[in-house]
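Whatever order the structure lists ligands and atoms in, that order sets their numbers, starting from 1. Quick note: residue numbers are just sequence positions, from 1.
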Amino acid sequence: METHEMDVLSDSKQEILGNRTGIMTNPELSIEMIEGAKQTVPSSQGDATEMAAVKAEYIEEAVPIGSSPVMVEVSENGESVGQFDGLAVLLDKLGERLAFERQGTRLYEAFLQKCESLTLEDASGPSVEELRHICEEELEHFHLLQNAITALGGDATVQTPSADVAGVLSHGVMQVVSDPRTTIPQTLQAMLTAELVDNDGWQMLQDLAAELGQDDLEEQCRKAYEEEQEHLEKVRDWLTSMTMDEASGSTEGLDAEIDASEEEEDIRSAKASTRSRKSKSSGSSKSKSKKKKKR
Ligand SMILES: [Fe+2]
Ligand SMILES: [Fe+2]
């Protein structure tokens with residue numbers, strides 16, 4: 001093995017062996033570090049007030065993130081009677097859910113791959129079949145939204161402003177799920193974040209469809225929302241069970257260690273008392289023999 005490879009292995013082993021991120025790892029060096037930081041001169045002029053002023057300029061001058069799809073309301077004789085703002089809002093939010101369901105499908109695909117690769121047998125965690133079922137429902141929801149946008153006269157390939165924001169928001173979740181180092185509970189924590197947002201999103205979409213008199217869409221959203229509630233419950237249950245199992249497992253381990261050390265202590269005491277009895281008895285027999293000799 002190359003020296004460099006060995007160094008990397010030894011470094012990663014070191015990382016696994018102990019968490020050295022806390023300041024109390026070395027209190028003496030920590031004091032030196034704090035002293036050093038106090039003596040360090042800031043590399044630029046100004047303070048937080050000036051930074052806030054610069055940020056304020058950017059906020060004032062910023063242009064919006066994209067623009068909503070414009071829906072023009074047309075009269076019976078085909079003349080334009082103005083913009084239909086309600087529908088534009090609905091299309092924006094449909095675009096948001098579409099982006100989220102696309103990402104949701106990819107999240108579950110990545111989660112599935114992790115579970116299949118690890119081949120873990122944990123009764124309290126998700127099975128591959130259960131994850132595949134949820135993944136399929138996410139994809140169904142994506143197609144539902146595609147069709148709904150088209151039926152309303154919109155373009156499902158448009159990235160709406162809310163879709164753009166939703167895409168940025170879910171980046172962190174995808175990073176956690178696709179990271180090979182994250183455990184199943186850590187991945188479930190990320191999925192819980194996604195499912196909580198998704199549940200609220202579908203509820204809002206159902207309410208919005210109802211508000212705008214889109215009865216068919218409201219019904220479709222209601223069904224999707226019910227399925228999303230099941231996803232949320234399952235993810236929450238798996239995460240809770242696995243976390244509790246981990247906690248109770250470590251407690252059992254600790255109990256076992258305590259039991260073992262108590263057992264060892266008992267054995268040591270028993271051996272010591274046996275030795276003591278033997279030495280006393282041999283001591284007395286020796287003295288007896290000496291006494292005998294004396295006689
Ligand atoms: Fe979803
Ligand atoms: Fe979901």
For the residue pair H141 and H231, does the interplanar ring angle fall in the parallel (under 30°), tilted (30 to 60°) or perpendicular (over 60°) class?
parallel
Going by side chain to side chain donor-acceptor pair (under 3.5 Å), name the pairs with one or both residues in residues 35-48, residues two or more places apart or in two chains.
D47-T49
Are K114 and T182 close enough that a side-chain donor and a side-chain acceptor fall under 3.5 Å?
yes
Around the Fe ion (ligand 2), list the protein N/O/S atoms within a radius below 2.8 Å, excluding water molecules.
E138 OE2, E195 OE1, E195 OE2, E228 OE1, H231 ND1
Considering only residues two or more places apart or on different chains, which pairs with a residue in residues 142-152 satisfy side chain to side chain donor-acceptor pair (under 3.5 Å)?
H143-Q146
Run the ring pair (Phe, Tyr, Trp, His ring centres under 6.0 Å) test against W238 and tell me which residues pass, sequence neighbours left out.
none
Do H133 and E136 pair up side chain to side chain, a donor and an acceptor below 3.5 Å, judged on atom types alone?
no
